[in-house]
Amino acid sequence: MKILIADDHRLVIEAVKVKLAELGPDVEFRMALKVEDLRHEATDDLDLALIDLTMPGAEGYSHIAELRERLPALPIIVLSGVEDPDVMRAAIDLGALGFIPKAYSPDVMLSAVRLVLAGGVFVPQMMLSGMSHQPAGAPLAAADAAGGARSTSLDQLRGLLTERQIDVLRLLSQGKPNKLIARDLGISEGTVKIHLAAIFRALDVRNRTEAVVAARGLAGL
């Protein structure tokens, strides 16, 4: 397993490496201290990337978006000292499959990484007020994090959504941003947004983040 850790503090990288070594004896780590390093180290043989938001060379979230577009199949987790729900939501909307505040414990980080590697999405509790009563920092399985996800099956959704909208939902559950969904399906980003509005209504969710979490709870998607 190859994991890239991108952070401008070597101590953070070394601490994360020590904890993630518990994933197994065959874990190989790469590191990036700035965005230029990230571009060089991020290759298609990676299994996971943990990336800080405020690295040297970063302009907003552009380095996350760039990596998401270049390696759309790579699971990305944002590891950040920022605890602003709007920032977390922006990272998830760009296609990150998790957001781990650095204030969380190493054990929570490890659980979050295991969840993402298993195909889940890790969403901090502070983003999910009103959606779940799990303790802060607890890794949220997709079906547990969105109200109604357990009671809505894929078959039921087929009665509410078109096949094209199901296709959009499937790509959304993979963490793909609108631009990549549009490219994969040969439609415009405006059409993707229209389909997403229908998906939000069908899943009874309020935004893209909740939809991603709910979609990952649907068997057979």
Side-chain angles (χ1 to χ4, degrees), residues 3-9 12-13 16 30-44 46-104 108-109 112-113 115-117 120-129 137 139-140 142 145 168 171-184 188-190 192-193 196 199-200 205-213 215-216:
I3 298 177
L4 171 63
I5 306 169
D7 194 286
D8 60 336
H9 293 91
V12 171
I13 291 177
V16 171
R30 299 179 190 172
M31 72 174 187
L33 295 170
K34 53 185 183 293
V35 171
E36 184 179 348
D37 298 336
L38 176 61
R39 293 189 179 108
H40 177 72
E41 296 293 339
T43 53
D44 59 9
L46 286 173
D47 297 290
L48 178 70
L50 287 88
I51 305 174
D52 190 13
L53 285 179
T54 55
M55 301 176 62
E59 297 180 2
Y61 314 112
S62 61
H63 59 305
I64 305 294
E66 178 185 330
L67 183 59
R68 175 78 289 153
E69 182 170 2
R70 185 157 64 89
L71 299 172
L74 174 65
I76 296 173
I77 297 176
V78 172
L79 182 63
S80 177
V82 177
E83 296 188 21
D84 183 338
D86 289 337
V87 173
M88 297 174 182
R89 188 172 296 110
I92 298 294
D93 285 349
L94 282 172
L97 298 184
F99 192 110
I100 306 174
K102 290 180 180 178
Y104 282 6
V108 169
M109 178 190 68
V113 167
L115 176 63
V116 170
L117 288 173
V121 177
F122 181 84
V123 183
Q125 174 64 21
M126 62 188 71
M127 272 186 62
L128 297 173
S129 56
L140 299 174
V168 171
L171 295 174
L172 179 71
S173 73
Q174 297 171 12
K176 293 190 176 184
N178 290 358
K179 184 176 182 179
L180 289 185
I181 293 175
R183 188 176 70 185
D184 287 354
S188 70
E189 289 188 60
V192 171
K193 291 178 181 178
L196 287 177
I199 289 169
F200 294 170
V205 298
R206 297 167 294 182
N207 53 50
R208 182 190 183 92
T209 301
E210 293 179 15
V212 170
V213 177
R216 287 186 170 261

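In this structure, I100 CD1 and F122 CZ are separated by 6.0 Å, a value rounded to the nearest 0.5 Å. Atom CG of L180 and atom CD of E189 lie 9.0 Å apart (nearest 0.5 Å). Rounded to the nearest 0.5 angstrom, I5 CD1 and L48 CG are separated by 9.0 Å. R89 CZ to N207 CG: the interatomic distance, rounded to the nearest 0.5 Å, is 5.5 Å. We find the CG-CD1 distance between D93 and I64 to be 13.0 Å, quoted to the nearest 0.5 Å. Distance check, rounded to the nearest 0.5 Å: CD1 of I51 to CG of L67 gives 4.5 Å.
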Step-by-step side-chain contact (heavy atoms from CB on, under 4.5 Å) determination, V87 to Y61 = CA-CA 9 Å; V87 173; Y61 314 112; 3.7 Å; yes

Going through the distances and angles, do L46 and R30 end up as a side-chain contact (heavy atoms from CB on, under 4.5 Å)?
-> CA-CA 9 Å; L46 286 173; R30 299 179 190 172; 3.9 Å; yes

Yes or no on side-chain contact (heavy atoms from CB on, under 4.5 Å) for D52 and K102, after CA distance, side-chain angles and deciding distance?
-> CA-CA 10 Å; D52 190 13; K102 290 180 180 178; 3.5 Å; yes

Can L50 and V113 be said to form a side-chain contact (heavy atoms from CB on, under 4.5 Å), step by step?
-> CA-CA 9 Å; L50 287 88; V113 167; 4.2 Å; yes

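Inter-residue side-chain proximity for T43 and L4 is flagged as unmet; no heavy-atom pair is nearer than 4.5 Å. The closest side-chain heavy-atom distance from N178 to R208 is below 4.5 Å. A 4.5 Å side-chain heavy-atom check between I13 and L33 finds at least one atom pair inside the cut-off.
Looking at every heavy atom in both residues, G175 comes nearest to L97 through CA-CD2, 3.8 Å. Contact record, K34 with P56: CB-O, 3.5 Å, taken as the closest heavy-atom pair. Taking all atoms of both residues into account, the shortest heavy-atom contact from A211 to F200 is CB-CE2, 3.6 Å.
The stretch residues 58-70 participates, sequence neighbours left out, in these salt bridge (Lys or Arg N to Asp or Glu O under 4.0 Å) pairs: R39-E66, E69-K179.
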Could you pull out all donor-acceptor pairs under 3.5 Å where a side-chain atom in residues 71-81 meets a protein atom, sequence neighbours excluded?
residue: S80; atom: OG; partner: V82; partner atom: N; Å: 3.0

